[in-house]
Amino acid sequence: MDIETLRALHKIFHAVELEPDWKIALDSLLGNLRTQFVYDNVSAYLLDRRTNGQEVVYARAVGRGKNAEADATWGESIASQVLLQDTPLLKEPGDPLPGSNRLLQAHVLGVPLYMGARLGGALVFVRFGGPTFQEEQITLASLIASWTSSLLERKALQEARTDLESIQRQMRLQDDFVSTISHELRTPLGFIKGYSTSLLREDANWDEATQKEFLTIIDEEADRLTGLIENMLESARLQSKTLQFKFQPMRLDALIRDVTVRVTTHHTGLEVNIETEGVPAILGDSVRMSQVFENLFSNAVKYAPGSRIDIALVEKDGRVRVTFNDHGQGIPEDFIPFIFERFYRVPGERSVTGTGLGLYICKQIILAHHGKIWAESVLDEGTTFVIELPSEPISKNS
Ligand code: ADP
């Protein structure tokens, strides 16, 4: 190998060292390599230790046979042989049949990929129509295989780091949750204890109206406590997938109207505007579905106080779409991706009571209905929650 080739290879390997993204680095390595090492297709196979099968983790077609790009099966058999024999292997085509396209005759080279000290996979190159791979090129292919292995290890490391970050975030949220929930449980308990102690005081003589007022507060706070505990249990059941759903054909517009009546009886003065174009029925669990809208109403009342709520139902491509829109403070864009996570609360929201469970519960219920829920928000203009659910064709005319 001459000095120019060595310089060119050094340049290629150095560029790979500098690139943090494993996929871009591997693209650059195998792409730029073609100036020194000609091939048409390359695929990397890794051994899946659980199934003992092999998985294609990278495939690239650059030369002839380019339309075979998606189909990386061409290298599978040589990859398994490399994995069995733990050595580079070369497979030459037989003599071409008369009239067949010589250019499609495959010269295949497979070299082992080592992950740490263990044989972990194979890198396979193909040249259609030759020339065959020479001794020097086989050695070069083994060198490329070690770089590819370290990039694939980098990939595994990056994935492990992402998982770890998500677990760490979940643990932090769980820690916050313990302090939030103790506060949330103590507040209604404090009211219940305070007002019942007052009522029981022997030295006080409460008139009937005051007694009723105190008892109403106790009653409401006990309801709040029950709701809170139910939410916690519900979220635990949804998390462990043990919550049972009873699906039957139901009308979402009627259900939303019912929930609205209940909510507005409680929050007099709340303005709700519902627009519906007679959407078809869906297959749903009406108790759970009511819970979704109760949560959305409860959030709108908490985070967009005094705002009108606009609800619209439309049918779109065999799906029922509900938009639930308030005109409150909105949610900063950076936080929107997290609001459906369990225990997540937007930072700075401490003055408003909450546990970070409501939207998690909504999302899990909608997912169990094979639907989707997401939020769109503009700061100081408001938030729209969009729900899409498959409609139930059988009961369309019911
Ligand atoms: P909680 O209300 O108990 O904090 P949720 O899961 O219901 O938990 O909501 C998560 C977060 O999303 C809330 O902390 C709040 O910051 C934000 N949020 C939810 N609904 C709205 C809304 N309508 N307007 C503005 N922010 C909202």
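The basis for the numbers below is simple: all heavy atoms, side chains too, and nothing from hydrogens, waters or symmetry mates. Whatever order the structure lists ligands and atoms in, that order sets their numbers, starting from 1.
Checked against the 6.0 Å centroid threshold, Tyr360 and Tyr344 do not count as a close aromatic pair.
Using a 4.0 Å cut-off to heavy atoms of Thr383, the atoms of ligand 1 that qualify are 24 (N), 25 (C). Less than 4.0 angstrom separates some heavy atom of Lys302 from each of these atoms of ligand 1: 1 (P), 2 (O), 3 (O). For ligand 1, the atoms closer than 4.0 angstrom to any heavy atom of Tyr344 are 10 (C). Residue contact check: Gly356 has heavy atoms under 4.0 Å from atoms 1 (P), 3 (O), 4 (O), 6 (O), 8 (O) of ligand 1. Against a heavy-atom cut-off of under 4.0 Å, Gly358 is close to the following atoms of ligand 1: 5 (P), 6 (O), 7 (O). For ligand 1 and Ile331, the ligand atoms under 4.0 Å from any heavy atom of the residue are 18 (N), 25 (C), 26 (N), 27 (C).
The one candidate from Lys91, Glu92, Arg127 that meets the side chain to side chain donor-acceptor pair (under 3.5 Å) condition with His107 is Glu92.
Ionic pairing of Arg262 and Asp258 is not present here: no N-O contact between side-chain nitrogen and carboxylate oxygen is shorter than 4.0 angstrom. Ion pairing between a basic and an acidic side chain is recognised when a charged N comes within 4.0 Å of a carboxylate O; Arg288 and Glu234 show such pairing. Between Asp203 and Arg201 there is a salt bridge, since a side-chain N of the basic residue sits under 4.0 Å from a carboxylate O of the acidic one. At a threshold of 4.0 Å, the pair Asp48-Arg50 counts as salt-bridged, since one of the basic side-chain nitrogens sits closer than that to a carboxylate oxygen.
Both Leu359 and Leu233 belong to a single network of hydrophobic side chains, linked directly or stepwise wherever heavy atoms of I, L, V, M, F, W or Y lie under 4.5 Å apart.
Residue Phe385 places no N or O, backbone or side chain, under 3.5 Å from any N or O of ligand 1. Among the atoms of Tyr360, none of the N or O lies under 3.5 angstrom from an N or O of ligand 1. Considering backbone and side-chain atoms alike, Arg345 places an N or O below 3.5 Å from some N or O of ligand 1. Polar contact check, Tyr303 against ligand 1: a nitrogen or oxygen pair lies under 3.5 Å apart. Taking only nitrogen or oxygen atoms, main chain and side chain alike, Leu359 reaches within less than 3.5 Å of ligand 1.
A donor-acceptor contact closer than 3.5 angstrom is absent between the side chains of His369 and Asp285. Donor-acceptor pairing under 3.5 Å is recorded for the side chains of Asp2 and Thr5.
Look at Phe335 and you'll find every heavy atom at least 4.0 Å from all atoms of ligand 1. Using 4.0 Å as the threshold, Ala304 has no heavy atom nearer than that to any atom of ligand 1.
The proximity of Asn295 to ligand 1, defined as any non-hydrogen pair under 4.0 Å, does not occur for either the backbone or the side chain.
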